[in-house]
S.K.: 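I have a structure I would like to understand better, so I am pasting it below and will then ask my questions one at a time.
Throughout, a chain's letter reflects where its sequence line sits, starting with A, and its residues are numbered from 1. Side chains are part of it too, since the values below use all heavy atoms of this structure and drop only hydrogens, waters and symmetry mates.
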Protein chains: 2
Amino acid sequence: MTPDPRHDESDFLANYDPRDYDPVAVTVDVVALTIRDGALHVLLVRRGSAPYAGMWALPGGFVQAGGPLQGAEAEDLPDAAVRELAEETGLSAKGGALGRVHLEQLGTYGSPGRDPRMRVISVAHLAFAPELPDPEAGGDAADAAWVPVEALGLTESGGQRPGTTRRLAFDHARILSDGLERARAKLEYTPLAAAFCGGEFTIPELRAVYEAVWGEELHAGNFHRKVLSVPGFVESTGATSDRGGRRGGPRPRLYRAGDARLLHPALLRPSREEEIR
Amino acid sequence: MTPDPRHDESDFLANYDPRDYDPVAVTVDVVALTIRDGALHVLLVRRGSAPYAGMWALPGGFVQAGGPLQGAEAEDLPDAAVRELAEETGLSAKGGALGRVHLEQLGTYGSPGRDPRMRVISVAHLAFAPELPDPEAGGDAADAAWVPVEALGLTESGGQRPGTTRRLAFDHARILSDGLERARAKLEYTPLAAAFCGGEFTIPELRAVYEAVWGEELHAGNFHRKVLSVPGFVESTGATSDRGGRRGGPRPRLYRAGDARLLHPALLRPSREEEIR
DNA sequence: AGAGATGAACTCAGTATGAGAACTACTCAG
DNA sequence: CTGAGTAGTTCTCATACTGAGTTCATCTCT
């Protein structure tokens with residue numbers, strides 16, 4: 001079943017009055033991840049107003065419901081996520097810098113009390129992007145920046161370690177933690193890591209993505225063998241990078257993303273043993 | 001960021017009036033799965049009123065926002081899911097038949113127009129249960145029943161094949177399809193299949209769960225070896241079932257769920273090859 | 001020019017998987 | 001009561017995948 005607050009008669013609309021119901025707000029929040037200087041970064045905005053003024057938060061905002069009161073078009077959830085990303089950070093949407101981002105739903109957070117003002121249900125999304133320009137604050141944001149995930153002192157339980165400078169508002173530490181775990185898992189069985197690279201990339205660049213997201217070094221030889229052996233993961237362009245490795249070494253070959261949607265067999269994280277129980 | 005419809009001043013609450021906003025309803029829907037007679041079944045209710053009167057739907061309903069208007073306590077999303085399950089099907093909650101169910105969030109569905117009456121955001125949940133009694137219709141439900149998933153003629157694209165008798169309301173065919181795919185995937189890397197069995201079960205019973213959910217037969221010998229070799233999946237009770245197989249054969253040994261939260265290495269579905277591209 | 005680093009390819013041992021067979025213990029039909 | 005058939009459990013064997021380490025050529029940097 002779906003909405004049916006008072007055992008709806010044959011004509012629900014005629015009897016419906018929004019004022020009969022306690023208001024619930026629906027927002028979208030976005031965990032946008034990218035790799036900069038070999039480290040995983042997340043897009044954050046600094047709140048300009050209460051509550052949590054001055055603290056950092058995930059970009060996000062209200063979903064346009066599409067009724068007559070506010071005059072806005074009804075929008076789908078992913079569209080709302082892209083719009084908020086664009087509004088609050090100045091990153092232009094389709095065609096522009098946001099053209100190549102992968103966007104997926106992460107989960108919905110709706111505990112009573114998660115927002116001190118009213119009942120808010122947040123639909124969190126996860127975005128993966130290749131290196132993007134610095135954002136510009138817009139909308140309600142006093143500031144916007146790519147922040148190294150490492151610097152946020154996230155704990156396993158979804159909080160932040162004491163002493164961390166940038167505190168996250170609301171339950172955004174929990175949402176971000178969930179997003180990171182999703183990202184780490186998705187690299188295992190989807191070719192999504194290529195979404196962090198540009199159109200053409202080298203195997204070592206791809207490996208750097210895995211190392212940044214998983215936070216551990218990988219065996220270069222085995223990674224190379226694995227990537228080439230999984231059907232459809234990458235395809236050769238035939239070309240060679242014009243520069244060797246940063247500190248020497250031969251010029252690596254160039255590849256682009258293949259047509260596989262799932263990696264089989266998957267690339268498993270080395271450090272899963274600990275998480276099993 | 002989260003709610004901030006009009007660049008909230010330092011005191012949002014003072015200026016807030018629900019009537020300024022287009023109403024959005026938030027509901028929870030539940031995809032409850034169980035195994036009956038060796039086949040995967042889903043819990044459905046038949047709608048008693050418009051829209052989609054007479055059609056079948058997932059059990060679900062409004063989330064209690066917790067404001068003063070309706071006098072209800074604010075409830076968390078999983079609590080709402082359990083409440084709806086209980087209300088519409090007569091399955092009693094904790095301690096009762098619903099005591100052992102595993103419940104997790106599946107995803108949120110909010111396309112404009114998915115409900116003809118108003119903008120509705122549905123947070124879908126997924127529940128796994130051991131064999132439960134037949135439900136009794138309650139609330140808005142004209143009827144409630146465990147329905148074999150097979151009989152719903154679901155297509156890959158989230159629809160139903162023409163000619164299917166039981167039509168699903170709203171976008172519930174899509175939600176159910178997503179739930180089934182999630183269930184199939186979860187069996188691979190979590191010990192959740194044990195949640196479909198009672199407290200003690202045999203390896204062949206466990207295999208029957210996998211076969212019902214994945215829809216394909218498994219190699220008995222290899223499955224047996226695999227289950228016993230994955231650390232923490234099952235632990236022996238030392239006892240032996242008091243009955244042999246249905247059509248003969250020795251009495252199988254009894255096991256209970258182990259303490260692993262993830263299966264490593266995972267039990268992979270044989271038929272993944274096709275889905276990869 | 002030489003040292004050090006890196007990309008790419010290879011080797012080898014240990015582990016996991018798919019397919020099938022063997023053996024035993026049970027149910028059921030006659 | 002007996003034999004046929006079914007099913008639980010254990011093995012074997014060939015193949016595939018993984019982690020660790022080696023080799024070698026090529027490039028950067030000093």
Side-chain angles (χ1 to χ4, degrees), chain A residues 38 188-189 197 200-211 214 216-231 233-255 262-273 276, chain B residues 38 188-189 197 200-211 214 216-255 260 262-273 276:
Chain A
E188 292 192 318
Y189 60 94
C197 302
E200 298 194 341
F201 50 87
T202 68
I203 305 281
E205 280 168 3
L206 190 64
R207 177 162 47 87
V209 170
Y210 276 88
E211 291 177 337
W214 286 351
E216 56 192 317
E217 297 204 339
L218 300 177
H219 184 294
N222 290 342
F223 182 84
H224 198 278
R225 173 183 61 186
K226 177 71 183 172
V227 167
L228 294 185
S229 75
V230 172
F233 192 4
V234 299
E235 55 187 38
S236 174
T237 65
T240 299
S241 171
D242 54 351
R243 298 199 53 78
R246 300 174 228 296
R247 283 170 293 187
R251 305 171 199 270
R253 298 183 198 152
L254 287 171
Y255 297 83
L262 291 171
L263 303 183
H264 184 76
L267 284 90
L268 296 177
R269 281 176 274 182
S271 62
R272 283 285 277 272
E273 310 297 329
I276 289 173
Chain B
E188 293 193 319
Y189 61 94
C197 304
E200 298 195 341
F201 51 86
T202 68
I203 306 280
E205 280 168 3
L206 191 64
R207 177 161 48 86
V209 170
Y210 277 88
E211 290 177 337
W214 286 351
E216 57 192 316
E217 298 203 337
L218 300 177
H219 183 294
N222 291 343
F223 182 84
H224 198 279
R225 173 184 60 188
K226 177 69 183 174
V227 167
L228 294 184
S229 75
V230 172
F233 192 3
V234 300
E235 56 188 36
S236 174
T237 65
T240 298
S241 171
D242 53 352
R243 299 200 54 78
R246 300 173 229 297
R247 283 170 294 187
R251 306 172 199 271
R253 299 184 196 150
L254 287 170
Y255 298 83
L262 290 172
L263 303 183
H264 183 76
L267 283 90
L268 297 177
R269 281 176 273 182
S271 63
R272 280 288 278 275
E273 310 297 330
I276 289 173

S.K.: Tell me: CZ of B/Arg207 to P of D/dA7, nearest whole Å?
M.R.: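 These atoms are roughly 9 Å apart.
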S.K.: Could you tell me the separation between the CD atom of B/Glu217 and the C1' atom of C/dG18, rounded to a whole number of Å?
M.R.: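 Between C1' of C/dG18 and CD of B/Glu217: 16 Å.
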S.K.: Under a 3.5 Å distance rule, please check whether B/Thr237 uses its side chain to pair with a backbone N or O of B/Leu254 as donor and acceptor.
M.R.: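 Judged by distance alone, yes, a pair lies under 3.5 Å.
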S.K.: Does A/Lys226 put a side-chain nitrogen or oxygen below 4.0 Å from OP1 or OP2 of D/dT18?
M.R.: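 Result: yes.
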S.K.: Given atom CG of A/Leu254 and atom P of C/dG7, what is their separation to the nearest angstrom?
M.R.: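 Checked: the CG to P distance equals 13 Å.
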S.K.: Nearest heavy atom decides the nucleotide; on that basis, is B/His219 or A/Asn222 closer to the 5' end of DNA chain C?
M.R.: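 First, find each residue's nearest nucleotide; the 5'-ward one identifies A/Asn222.
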S.K.: Between the opening five pairs and the closing five pairs of the helix from C/dA1-D/dT30 to C/dG30-D/dC1, how far apart are the helix axes, to 10°?
M.R.: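 End axes: 20° apart.
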S.K.: Within less than 4.0 Å of OP1 or OP2 of C/dA25, is there a side-chain N or O belonging to B/Arg251?
M.R.: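 No, outside the criterion.
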S.K.: Measure from CG on B/Leu267 to P on C/dA16 and round the result to the nearest Å.
M.R.: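 My rounded result for the distance is 13 Å.
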S.K.: I want to verify a distance call: between C/dT17, D/dG8, C/dA8, whose nearest atom is closest to the B/Pro204 side chain?
M.R.: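 Among the listed nucleotides, the one closest to the side chain of B/Pro204 is D/dG8.
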S.K.: Just how far, in rounded Å, is P of D/dA7 from CG of B/Leu218?
M.R.: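 Rounded to the whole Å, the gap is 15 Å.
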S.K.: Would B/Tyr255 and B/Thr202 satisfy side-chain contact (heavy atoms from CB on, under 4.5 Å), going step by step from the backbone distance to the final call?
M.R.: CA-CA 6 Å; B/Tyr255 298 83; B/Thr202 68; 5.7 Å; no
S.K.: Grab the OH-P distance between A/Tyr255 and C/dG7 for me, whole Å please.
M.R.: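 The distance from OH of A/Tyr255 to P of C/dG7 comes to 12 Å, rounded to the nearest Å.
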S.K.: Which heavy atom of A/Pro265 sits nearest to which heavy atom of A/Val230, and what is that distance?
M.R.: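 Result for this residue pair: O-CG2, 3.6 Å.
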S.K.: Nearest nucleotide by nearest heavy atom, which residue falls closer to the 5' end of DNA chain D, B/Thr202 or B/Arg225?
M.R.: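 Residue closer to the 5' terminus by nearest nucleotide: B/Thr202.
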S.K.: Side chain of B/Glu216, backbone of B/Glu211: donor and acceptor closer than 3.5 Å?
M.R.: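 Not confirmed, B/Glu216 side chain does not pair with B/Glu211 backbone.
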S.K.: To the nearest angstrom, how far is A/His224 atom NE2 from C/dG7 atom C1'?
M.R.: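 Nearest whole value for this atom pair: 6 Å.
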S.K.: Taking the side chain as every heavy atom from C-beta outward, state whether B/Leu206 and B/Val234 have any pair of such atoms under 4.5 Å apart.
M.R.: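 When only atoms from C-beta onward are counted, B/Val234 and B/Leu206 do touch, with a gap below 4.5 Å.
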S.K.: Output the rounded distance in Å from CG (B/Asp242) to P (D/dG8).
M.R.: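 Taking atom P of D/dG8 as the reference, CG of B/Asp242 is at 14 Å.
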S.K.: Within the structure shown, what part of the strands sits under 4.0 Å from B/Arg253 by heavy-atom distance: base, sugar-phosphate, or nothing?
M.R.: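 Sugar-phosphate, no base atom in range.
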S.K.: Of all the nucleotides listed (C/dA16, D/dT10, C/dA8), which has the minimum atom distance to the side chain of A/Pro252?
M.R.: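 Taking heavy atoms from C-beta onward, the closest nucleotide is C/dA8.
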S.K.: Look at the side-chain N and O atoms of A/Arg247 and state whether any lies under 4.0 Å from the OP1 or OP2 oxygen of C/dT6.
M.R.: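 The answer is yes; a side-chain N or O of A/Arg247 sits under 4.0 Å from OP1 or OP2.
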S.K.: List for me each residue that meets side chain to side chain donor-acceptor pair (under 3.5 Å) alongside A/Glu188, sequence neighbours excluded, and say none if there are none.
M.R.: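 Counting only residues at least two positions away or on another chain, A/Glu188 forms a side chain to side chain donor-acceptor pair (under 3.5 Å) with A/Arg269, A/Arg272.
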S.K.: Locate the shortest heavy-atom distance separating B/Lys226 from B/Leu267; write the atom from each residue and the value.
M.R.: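 Looking at all heavy atoms of both residues, the shortest contact is CG-CG, 3.8 Å.
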